[in-house]
Amino acid sequence: MTAALISWGKGRRAAAAIGAVSLGLVTLSACEKPTALATVTVGSSTVTAEATPGCDGNGKELSRKAVAACITKKGGKTITVHPGEKVRVGVDPDVAKSGWIVIGAGPVMREPSKQTYRSFDADTLFMQQNPQTGQTTYTKDVTLQVAELHEGDGPTTMWHFTLKQKD
């Protein structure tokens, strides 16, 4: 009778081990490559976001139609900015390797960056220039767009944040 209990216990342990290994394999196969993140920091406040839905080409350049749709998107995580503050934008090292740009109310970078973060004057991000008159105005809120570039060409991924100006 003792031998029957010992063999039954070994069988249970073996079944438990097989179950644990199977569960581990299923869990690993369900994992996807984590998406790159972009971060915006103003003072002591920080917001981090994954790529905007519909604006992630998974390493491939977005189609013209997707880029047009992504550029017009509004919203994203919101952060408040006081006039004169610095806005710091950070990206994952893999994104920095590809190159990236930031667009506020208008373009704010002349060249793509290969650094993991950049600082900008808040006033620059809220500044809009009328293309017909050349007159400069400031908006109260702006959608800040961060775009990873594919070998210096079109965007492969875009992140959106909302900056609200605090009086």
Side-chain angles (χ1 to χ4, degrees), residues 27-28 30-167:
T27 303
L28 285 175
C31 290
E32 293 179 16
K33 180 182 173 191
T35 60
L37 302 174
T39 303
V40 174
T41 302
V42 178
S44 60
S45 300
T46 299
V47 291
T48 301
E50 291 184 346
T52 303
C55 300
D56 186 358
N58 293 314
K60 296 183 178 128
E61 194 171 331
L62 294 170
S63 69
R64 288 181 188 254
K65 185 178 178 181
V67 171
C70 290
I71 286 175
T72 59
K73 286 191 179 196
K74 300 287 182 199
K77 294 196 176 180
T78 302
I79 193 163
T80 303
V81 182
H82 291 83
E85 277 191 303
K86 291 281 186 194
V87 176
R88 292 168 181 82
V89 180
V91 296
D92 287 347
D94 288 339
V95 173
K97 229 181 267 184
S98 297
W100 58 284
I101 60 170
V102 170
I103 302 167
V108 293
M109 295 173 69
R110 295 190 190 279
E111 295 289 323
S113 178
K114 298 274 186 177
Q115 300 171 331
T116 55
Y117 87 97
R118 296 280 304 266
S119 295
F120 303 93
D121 292 321
D123 299 338
T124 304
L125 298 173
F126 288 95
M127 187 172 34
Q128 281 185 313
Q129 190 168 22
N130 184 323
Q132 294 175 352
T133 65
Q135 186 175 13
T136 301
T137 58
Y138 292 91
T139 62
K140 288 288 185 185
D141 63 337
V142 66
T143 298
L144 184 76
Q145 299 174 13
V146 179
E148 177 183 10
L149 301 179
H150 180 260
E151 299 171 4
D153 294 332
T156 58
T157 308
M158 294 180 76
W159 298 264
H160 292 74
F161 298 90
T162 298
L163 303 180
K164 293 218 178 262
Q165 193 170 43
K166 180 83 171 181
D167 294 329

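The residues of the chain are indexed from 1 along the displayed sequence.
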How about [X] and [Y]: do any of their side-chain heavy atoms sit closer than 4.5 Å?
X: Val81; Y: Phe126; answer: yes
X: Leu149; Y: Thr156; answer: no
X: Glu50; Y: Leu37; answer: yes

Backbone N/O of [Y] and side chain of [X]: donor-acceptor pair under 3.5 Å:
X: Lys73; Y: Pro53; value: yes
X: Trp100; Y: Gln115; value: yes
X: Lys77; Y: Thr48; value: yes

What pair of heavy atoms forms the shortest contact from [X] to [Y], and how long is it?
X: Met109; Y: Val102; result: SD-N, 3.1 Å
X: Cys70; Y: Gln145; result: O-NE2, 4.4 Å
X: Lys97; Y: Lys114; result: O-NZ, 2.9 Å
X: Pro112; Y: Ile101; result: CA-CG2, 3.7 Å

(request) Measure the spacing between CG of Asp56 and CD of Glu148 and express it to the nearest 0.5 Å. (result) 8.5 Å

(message) Assess the residue pair His160 and Thr52 against the criterion (side chain to side chain donor-acceptor pair (under 3.5 Å)); give the C-alpha distance rounded to whole Å, side-chain angles, the decisive distance to 0.1 Å, and a yes or no.
(response) CA-CA 6 Å; His160 292 74; Thr52 303; 2.7 Å; yes

